[in-house]
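The structure appears below as structure tokens.
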Protein chains: 2
Amino acid sequence: MDTTEILIKIRKIVRSINLESKKIQKEHGVSIPQILCLQFLRNSTNYQAGQGEIRKFLNLNSSTASGIINRLETKGLVARLPKRGDKRTVTIALTSKGDQLMQEIPSLLHEQLTEKLENLDDSTLENIQTSLELLEKLLELDHLEASPLIANDDFTDASLNN
Amino acid sequence: MDTTEILIKIRKIVRSINLESKKIQKEHGVSIPQILCLQFLRNSTNYQAGQGEIRKFLNLNSSTASGIINRLETKGLVARLPKRGDKRTVTIALTSKGDQLMQEIPSLLHEQLTEKLENLDDSTLENIQTSLELLEKLLELDHLEASPLIANDDFTDASLNN
DNA sequence: CTATTTTTGTTCGCATAGAAACAATTATGA
DNA sequence: TCATAATTGTTTCTATGCGAACAAAAATAG
């Protein structure tokens, strides 16, 4: 199997996901990255998290996270609060408007793909999981030029830069 | 396996690919989508193709393709030629500068991932391929809300819009 | 205590990606 | 033949994504 073919397949998969994101955004006003951020807050203590935590969860560059949070703030779905004791840090809080929206739409992201996944047998599902994890690790190693002696987890945080 | 987990894994994979793209662009001045376009031209008759063909190959919206080609043109790697007999259509030609660049860098995209892939046994490779194809089809069907009576291939072109 | 280094998030610029609107051109139907 | 529909690619706008630069704040070292 040619590497370019893998790349093109992945691009196709991503395109489909992003088209779905566009569709959800048109209907509900939030995109998939925004939904993932709102979900993360909803599962956090006091429905709040530091911006750095969100960035790490989303596995994004901080300027990107900043942009996503800006847009959520503009929509009134999150609020930016100062963090006591550290003036550099911003706490992001889910607003009740954000909470209500997430009560309406959490399944949207899932319902079509989940249904299809549920129709697959367990071994196929496991193949998908294994393959994705394998690709993930292959590409992480490639990107980081990791020494084989160091566990991946040790690099995961270090690989996130501003 | 949760759908969000699949989504997050795919996002991670894509992030790694895009980081690699950024790295290649910094070193050689072209990104992965640009390289894919140049590759396509290099494999085309007379090193030329209509913009619509490139768009379909890249599986992109036409405004995106237009942007990519604009940037390649600015770099002198492609040229825009009128097409005889149809004034709406633009023919994109690989320049010799573009050709020379592609002689230097075609393996860049491949060398790290290919090496890792070659170390995998055939059944694992096949699992990766099968899983990607399965995801691809699942998401295509989701997106298109296809009738089960129509073959996917019939939809592939129709799904591309401007 | 002070200078230096590190951390945090913002801004700016570029690229990719899609949707919508559009003009010019070609194809189709009556 | 002519009016209408379809096609092609461009432009504009929005969102995501990254890197670089930056300022303010905190941590560290001497």
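Chain A is the first sequence line, chain B the second, and so forth, proteins listed ahead of strands; every chain is numbered from 1.
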So, OP1 or OP2 of D:dG9: does either fall under 4.0 Å of a side-chain N or O from B:Arg80?
no
Touch check for A:Asn18, heavy atoms < 4.0 angstrom, all strands: base, sugar-phosphate only, or nothing?
nothing
Kindly write out the residues that satisfy ring pair (Phe, Tyr, Trp, His ring centres under 6.0 Å) with A:Tyr47, not counting sequence neighbours, or none if the list is empty.
none
With respect to the side chain of A:Thr64, which nucleotide from C:dA15, D:dT16, C:dA17 is positioned closest?
D:dT16
Can you tell me how far P of D:dA15 sits from CG of A:Leu72, to the nearest Å?
11 Å
Any donor and acceptor pair, going by atom type alone, linking the side chain of A:Lys9 with main-chain N or O of B:Gln129 inside 3.5 Å?
no
How close or far is atom P of D:dT16 from atom CZ of A:Arg15, stated in whole angstroms?
18 Å
Against the side chain of A:Lys87, the closest entry in D:dA26, C:dC14, D:dA15 is D:dA26
For the CD1 atom of B:Ile10 and the CD atom of B:Glu5, what is their distance to the nearest 0.5 Å?
12.0 Å
Whole angstroms only, please: what is the CD1-C1' distance between B:Ile35 and C:dT16?
14 Å
A:Arg80 and A:Asn70: side-chain donor and acceptor closer than 3.5 Å?
yes
Select one nucleotide: of C:dT26, D:dT16, C:dA19, the one nearest the side-chain heavy atoms of B:Ser63.
C:dA19
A:Leu60 side chain, from C-beta outward: closest of D:dG9, D:dG17, C:dA17:
D:dG17
Residue pairs passing the salt bridge (Lys or Arg N to Asp or Glu O under 4.0 Å) test with at least one member in residues 57-66 of chain B, sequence neighbours excluded, are none
Whole Å only: how far is the NZ atom of A:Lys22 from the C1' atom of D:dT16?
9 Å
Mapping A:Gly67 and B:Asp86 to their closest nucleotides on DNA chain C, which lands nearer the 5' end?
A:Gly67
Atom NZ of B:Lys83 to atom C1' of D:dT7: distance rounded to whole Å?
12 Å
Whole angstrom value for the distance that separates C1' of D:dT11 from CD1 of B:Ile68:
16 Å
B:Asn70 has an atom CG; how far is it from atom P of D:dG9, in whole Å?
13 Å
Between B:Lys97 (side chain) and B:Lys75 (backbone), is there a donor-acceptor pair under 3.5 Å?
yes
Closest-nucleotide ordering on DNA chain D, the 5'-leading residue of A:Gly85 and A:Arg71:
A:Arg71
Polar pair under 3.5 Å, donor/acceptor by atom type, side chain B:Ser66, base D:dG9:
no
Any A:Arg11 side-chain nitrogen or oxygen under 4.0 Å from OP1 or OP2 of C:dT16
no
Of the listed nucleotides C:dA19, C:dT16, D:dG9, the one nearest the side chain of B:Gln51:
D:dG9
Under 3.5 Å, side chain of B:Thr89 to main-chain N/O of B:Lys83, donor-acceptor pair present?
no
Please give, in whole Å, the distance from D:dC13 P to A:Gln25 CD?
17 Å
Please tabulate, one pair per line, each protein N/O and nucleotide N/O from nucleotides 3-6 of chain D that are separated by under 3.5 Å, including the distance.
none

Using a heavy-atom cut-off of under 4.0 Å over every strand shown, decide if A:Gly52 touches base, sugar-phosphate, or nothing.
sugar-phosphate
A:Lys26, nearest nucleotide to its side chain (from D:dT16, C:dA20, C:dT10):
C:dA20
Picking from D:dA15, C:dT10, C:dT16, which would you name as closest to the side chain of A:Ser31?
D:dA15
Shortest non-hydrogen contact from B:Asn127 toward A:Ser131
O-OG, 3.3 Å
Is A:Asn61 side chain donor-acceptor paired with the D:dG17 base, going by distance under 3.5 Å alone?
no
